[in-house]
Protein chains: 2
Amino acid sequence: MAEPSENPAPPQAGPSAAAAAAAEGGEGGISKKAAKKAEAKAKKEAEKLRRAAEQATAQAAAKAAAQTEDLAKDNYGQETHETKLSADVVEVSLKSLGEEHVGRTIELRAWMQNARMQGAKMAFIELREEGNLSIQGIVVASPEGTPVSKQMVKWVGAINPESFVVVEAKVQKPLDTVKSCTVVNYELHITKCFVHAAAPSVLGMTLAAANRPVANFSDEEVPIEQEVEKLSVAPAGNETTNIPAASMLTHLDNIVMHKRSAVQQAIADIRGEVKELYRSYLRSQGFKEFEPPCLIAAASEGGANVFRMPYFEKEAFLAQSPQFYKQIEIAGGRKRVFSVGPVFRAENSNTPRHMTEFTGLDMEMEIKKDYREVVQVLEGVLFHIFRNIQERCAEEIALVRSVYPSEEFLLPEPGKEVRLTFAEGQKLLREEGPEEFRNVSDDEDMSTPQEKALGAIIRKKYNTDFYVLDKFPEEARPFYAKEDPTNRKVTNAYDLFMRGQEICSGGQRIHDPVELEARIRTKGIDPASPGIKEYVDIFRQAGIPAHGGGGIGLDRVVAWYLNLPSVHLAAFYPRTPKRLLP
Amino acid sequence: MAEPSENPAPPQAGPSAAAAAAAEGGEGGISKKAAKKAEAKAKKEAEKLRRAAEQATAQAAAKAAAQTEDLAKDNYGQETHETKLSADVVEVSLKSLGEEHVGRTIELRAWMQNARMQGAKMAFIELREEGNLSIQGIVVASPEGTPVSKQMVKWVGAINPESFVVVEAKVQKPLDTVKSCTVVNYELHITKCFVHAAAPSVLGMTLAAANRPVANFSDEEVPIEQEVEKLSVAPAGNETTNIPAASMLTHLDNIVMHKRSAVQQAIADIRGEVKELYRSYLRSQGFKEFEPPCLIAAASEGGANVFRMPYFEKEAFLAQSPQFYKQIEIAGGRKRVFSVGPVFRAENSNTPRHMTEFTGLDMEMEIKKDYREVVQVLEGVLFHIFRNIQERCAEEIALVRSVYPSEEFLLPEPGKEVRLTFAEGQKLLREEGPEEFRNVSDDEDMSTPQEKALGAIIRKKYNTDFYVLDKFPEEARPFYAKEDPTNRKVTNAYDLFMRGQEICSGGQRIHDPVELEARIRTKGIDPASPGIKEYVDIFRQAGIPAHGGGGIGLDRVVAWYLNLPSVHLAAFYPRTPKRLLP
């Protein structure tokens with residue numbers, strides 16, 4: 001609606017009227033006295049008129065000013081050091097917003113998620129806080145031009161989405177529940193609004209696009225048209241499906257918007273809880289935390305897939321696992337230890353399951369009677385994690401599922417945990433698996449497709465997505481794995497699986513240096529080779545109790561629990577052979 | 001005492017006696033009949049004697065066997081799969097040992113700390129568990145030879161120290177309190193003892209030596225005689241002072257014994273609590289944990305002291321700080337984040353304050369009104385740590401002090417926290433510091449000796465070992481530091497100190513891309529250079545609120561709190577330019 005042009009015409013008065021009156025008298029032929037009197041009267045009259053005209057002009061000017069001057073000008077704009085909110089304002093976060101705030105004036109610092117004009121005198125905005133919390137705000141021009149003017153409404157309605165703003169507003173109950181925001185029972189009647197940090201007018205990726213499932217995880221750039229076709233995950237049934245999905249590369253190039261998406265915030269929250277639950281459970285079981293080094297002098301697992309680097313006059317390697325150091329902790333007098341930290345694999349694999357850097361949740365413990373004590377702790381900590389995130393993160397899990405649909409993660413009843421031997425697993429695969437796995441051998445390790453097929457059989461048969469395979473064949477395990485003393489073809493080593501994918505590998509280690517050296521030779525390794533020698537020597541320093549442990553991949557636990565299409569979505573900054581940015 | 005040689009002489013009987021009797025008869029000239037009669041009688045006699053002799057031999061053999069056979073042979077020895085403890089045995093840890101156990105038979109798995117014979121029939125042993133818990137055990141030969149034989153006593157008394165053993169024992173109250181062990185009110189009367197893992201007969205470093213203060217921290221090998229002279233820390237006044245102290249290199253070469261020492265166990269326990277207190281406090285303040293990457297594409301701080309390595313077809317760097325990533329988290333919609341993880345510095349410094357890999361406790365947060373909100377959180381988390389470890393780790397701190405004596409770490413009363421501006425600190429140094437610091441300038445950063453001198457002045461003046469220096473000069477801070485808008489010669493940046501040594505550096509960051517680029521140019525850096533461009537671009541992606549943070553060095557907090565002679569003692573596996581092992 002256009003502004004009504006109401007500039008009043010100035011009143012016709014002033015010196016010209018007085019002159020006209022004087023001329024009138026002069027032309028009528030009257031006496032000098034009368035003429036003087038008339039002149040004085042005319043002057044008075046003229047003065048009176050002049051004053052009236054002056055007054056009228058001033059009034060008209062004031063009226064005009066009232067129409068154009070912005071009486072709300074201090075209530076909006078770019079935030080500066082002089083920006084001031086009202087003295088009685090209370091700062092709230094949307095999480096804590098409640099009935100006690102209704103009618104009160106609050107301060108909110110948030111992102112402008114959306115802003116749209118509704119006519120010239122009103123704008124609707126959506127303000128978003130950390131996580132996925134959003135609230136509707138209304139900016140309505142006041143008839144008096146303050147606290148909100150039409151100029152202010154127009155300005156607020158044009159704020160770029162994803163700018164960070166500071167608003168002062170009165171909390172009100174909306175007439176109907178708000179459908180577009182997570183806060184449905186309150187709305188904000190904005191009285192001040194300042195832009196603290198402006199977003200660009202065109203975003204590299206909109207929030208709506210960031211909230212769509214990632215279209216593909218290729219390390220190579222793919223044209224947008226192809227991306228949409230390649231979409232491997234079915235889009236959730238909501239109104240955003242007409243927004244094209246972006247590739248992982250686009251997400252990473254727009255990391256700020258990627259991270260602002262509700263789905264990534266939810267994944268990050270779940271990951272944080274998994275990590276915390278891991279630590280708190282192990283601490284409650286008498287485990288002590290330690291930090292293994294990343295920089296090491298030798299590649300203990302044979303040197304494959306290890307990053308090497310110049311280190312002053314020597315060479316250094318990045319640790320592929322903290323296992324050596326976990327064992328030193330046990331040798332050094334600790335009963336139970338755990339660590340949480342980065343591990344590195346220089347594997348040139350571009351798959352949704354691989355990264356070059358990921359977070360290991362490791363543990364190692366003294367074995368008292370039987371290595372299954374370790375399996376029990378590993379099962380225990382994972383059950384603890386699964387059961388608690390189902391409760392603590394129910395909303396976040398639902399949110400992730402709305403973008404990346406998945407079946408519920410099935411857990412067995414307590415006491416019905418599934419532990420099979422590797423041989424039992426292979427038997428199941430031969431008997432109930434697909435045609436091509438009819439001849440799998442008990443002596444060889446499983447392939448990824450075999451593992452997945454077995455996971456499907458176990459889900460059907462035992463109603464669980466989480467299980468243990470124990471007693472891996474001797475040939476499938478490294479030199480430090482303790483053989484089963486009653487059957488040397490297998491080891492006291494196990495893997496833990498989620499949805500048919502390995503998330504944890506572990507076992508009992510050989511703690512006797514003589515036995516260890518013998519097995520190293522059997523494996524065709526020279527016990528004097530770098531890394532191996534230092535490893536064996538540890539067991540010669542003093543008497544070391546039987547021990548075992550395991551390493552859980554945090555990224556995989558999060559990704560497979562949520563059945564994400566790639567582990568890269570579970571990582572904060574996924575590292576792949578082609579990508580180190582951001 | 002020698003075993004009495006009681007082999008009885010065999011009785012003189014048998015065929016020779018019968019022959020003598022026959023000869024007797026033959027020589028006397030008697031009748032054939034009488035001779036035959038006599039012969040038969042002699043035969044009978046001989047047979048009788050033979051039987052008696054046989055009986056006597058068997059009896060003697062039985063008696064001899066009773067003297068040498070070991071009736072306790074199943075109660076000691078090398079542990080095997082057949083090793084069995086009694087059915088009713090209860091496994092205990094020394095921590096949980098109490099009055100309810102007196103008179104009961106328990107199982108304990110522990111290290112043989114010491115064993116000595118007391119005559120032929122008794123041995124005293126000391127058994128040690130994780131931490132510093134130890135208990136006295138007594139092995140006494142039973143008169144019946146079981147459950148404990150003299151052979152068993154001798155064998156147990158000869159077990160190599162630092163072997164891992166499993167014992168079965170009855171818990172008893174000792175006549176006097178035990179002085180040599182931490183458990184003073186109970187002792188163990190050993191009935192079974194098995195070696196689970198034997199230590200070598202000569203240890204690379206004894207536990208007593210490992211418990212002595214480290215003699216020197218040089219990266220070069222130093223002959224032992226020199227080491228003792230170089231001893232920088234006064235030895236604690238206990239009976240172990242006649243044991244020569246070893247160098248840090250010797251400790252690291254004997255990492256198992258180094259870690260078994262009570263002092264290192266205590267330091268590790270304190271470190272673990274510091275880390276946990278850091279996390280739990282920040283979580284309680286709304287901070288969310290994330291993991292920054294170690295592998296990065298560019299060295300953002302100019303490329304000095306950064307490790308570089310081949311990364312597939314590219315080059316990668318190891319992160320010197322997670323700052324860039326902390327800021328992306330804030331840009332990505334988090335209000336408050338923290339991380340705990342390794343950071344790397346390729347600094348060729350061989351000092352007690354430097355390592356090439358250490359653990360960073362980092363945090364970053366949105367600033368609402370003033371950057372001092374960040375200082376308050378950093379002060380808050382450190383006070384929380386200091387006050388809680390004083391309570392939770394009182395014993396461990398006392399133990400460390402018994403080896404590395406130090407003055408108590410002074411903390412101000414709540415509300416009397418010391419925050420000085422950098423300029424105020426320099427003024428103190430000029431006015432109350434040593435002669436050579438009379439002319440220090442407000443515009444230049446402080447040297448380590450200046451920092452230490454200021455720490456001493458502040459301790460005397462304000463009775464605290466912990467304080468903040470704020471408003472560092474613009475020239476002393478990097479390009480991302482936010483200048484004080486009211487005085488552009490200084491920045492909204494601060495350091496936190498313990499005992500005059502920096503443990504945390506932080507400040508408000510520039511969040512506006514235009515302001516950031518301008519300051520980068522002022523600092524003489526090209527905003528398009530690798531690492532810098534990616535950094536600035538983050539702030540262009542969307543509107544990012546004002547924020548600031550800090551990074552605390554975990555190793556330093558532990559080391560300086562305990563006033564250890566080197567930060568290397570606080571690390572699990574110290575990394576120096578010359579040392580990557582173990």
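So you know, we letter chains A, B, ... as the sequences are listed, proteins then strands, and number each from 1. Here the structure is a predicted model, which is why all the values come from computation and not from measurement.
Within the 4.5 angstrom heavy-atom criterion, no atom of A571(A) approaches chain B. In this structure, no portion of R128(A) lies under 4.5 Å from any heavy atom of chain B. Only the side chain of H511(A) comes within contact range of chain B, with at least one heavy atom under 4.5 Å from a heavy atom of that chain. Of the two parts of H81(A), only the side chain, counted from C-beta on, holds a non-hydrogen atom closer than 4.5 Å to a non-hydrogen atom of chain B. Only the backbone of R540(A) has a heavy atom closer than 4.5 Å to any heavy atom of chain B. Heavy-atom distances place no part of K95(B) under 4.5 Å from chain A, backbone and side chain included. If you measure heavy-atom distances from D269(A) to chain B, the contacts under 4.5 Å come from both the backbone and the side chain. When heavy atoms are compared at a cutoff of 4.5 Å, P293(A) approaches chain B by way of both its backbone and its side chain. Only the side chain of T359(A) comes within contact range of chain B, with at least one heavy atom under 4.5 Å from a heavy atom of that chain. Both the backbone and the side chain of E291(A) come within less than 4.5 Å of a heavy atom of chain B. In this structure, the portion of T576(A) lying under 4.5 Å from any heavy atom of chain B is its backbone and not its side chain. Looking at A316(B), both its backbone and its side chain come within 4.5 Å of chain A, counting heavy atoms on both sides. With a threshold of 4.5 angstrom between heavy atoms, P342(B) approaches chain A through side-chain atoms but not through N, CA, C or O. Looking at A198(A), the atoms closer than 4.5 Å to chain B (heavy atoms on both sides) all sit in the backbone: N, CA, C or O.
Among all heavy-atom pairs drawn from V337(B) and R334(B), the shortest one is CG1-CB, 3.5 Å. Across every non-hydrogen atom of R271(A) and D555(A), the tightest pair is NH1-OD2, 2.7 Å. Shortest non-hydrogen contact noted between Q78(A) and F194(A) is O-CD2, 4.5 Å. Between E129(A) and V92(A), the closest heavy-atom pair is OE2-O, 4.1 Å.
The greatest number of non-hydrogen atom pairs below 4.5 Å with chain A, out of E91(B), E329(B), E79(B), Q264(B), is found for E329(B). In terms of heavy-atom pairs under 4.5 angstrom with chain B, the leader among G272(A), G341(A), P485(A), G204(A) is P485(A). Across K314(A), E534(A), K275(A), the residue that shares the most heavy-atom pairs under 4.5 angstrom with chain B is K275(A). With respect to chain B, the highest number of heavy-atom pairs below 4.5 Å among L203(A), D537(A), D512(A), N254(A) belongs to N254(A). With chain B as partner, the option from F539(A), Y325(A), F317(A) having the largest number of non-hydrogen pairs under 4.5 angstrom is Y325(A). Ranked by heavy-atom pairs shorter than 4.5 Å toward chain A, the options M112(B), M205(B), Q265(B) are led by Q265(B). For the options N160(B), V256(B), L581(B), heavy-atom pairs under 4.5 Å to chain A are most numerous at V256(B). The candidate from F358(A), F344(A), F312(A) with the greatest count of non-hydrogen atom pairs under 4.5 Å with chain B is F312(A). When A268(B), P292(B), P310(B), C294(B) are compared by the number of non-hydrogen pairs under 4.5 Å with chain A, C294(B) comes out ahead. Note on E313(B), M257(B), K369(B): by heavy-atom pairs under 4.5 Å with chain A, the leading option is K369(B). Most heavy-atom pairs under 4.5 Å with chain A: of the set A546(B), A331(B), P161(B), P574(B), this distinction falls to A331(B). Among the candidates F290(A), F307(A), Y311(A), W111(A), the residue making the largest number of heavy-atom pairs closer than 4.5 Å to chain B is Y311(A).
Between the CD atom of E107(A) and the CG atom of L85(A) there is a distance of 4.5 Å, given to the nearest 0.5 Å. Atom CD1 of residue I328(A) and atom CD1 of residue I538(A) lie 4.0 Å apart, to the nearest 0.5 angstrom. Between the CD1 atom of I367(A) and the CD atom of E373(A) there is a distance of 6.5 Å, given to the nearest 0.5 Å. Annotation: the span from L580(B) atom CG to T356(B) atom OG1 amounts to 6.5 Å, rounded to 0.5 Å. Considering OG of S261(B) and CG of N211(B), their distance stands at 5.0 Å, rounded to 0.5 Å.
For the pair E315(B) (side chain) and A297(B) (backbone), a donor-acceptor distance under 3.5 Å is absent.
Residues M309(B) and L318(A) meet the side-chain proximity criterion, which asks for heavy atoms closer than 4.5 Å.
Counting only residues at least two apart or on different chains, the side chain to side chain donor-acceptor pair (under 3.5 Å) pairs with a member in residues 335-344 of chain B are K335(B)-E366(B).
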(request) Quick one: do S93(B) and R109(B) satisfy side chain to side chain donor-acceptor pair (under 3.5 Å)? Show the steps, please. (result) CA-CA 8 Å; S93(B) 67; R109(B) 309 175 68 85; over 6 Å; no
(message) If you apply the rule salt bridge (Lys or Arg N to Asp or Glu O under 4.0 Å), what do you find for E273(B) with R283(A), and how did you get there?
(response) CA-CA 11 Å; E273(B) 281 308 308; R283(A) 278 173 66 94; 3.4 Å; yes
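Using a 4.0 Å cut-off between charged nitrogen and carboxylate oxygen, E276(B) and R279(B) count as a salt-bridge pair.
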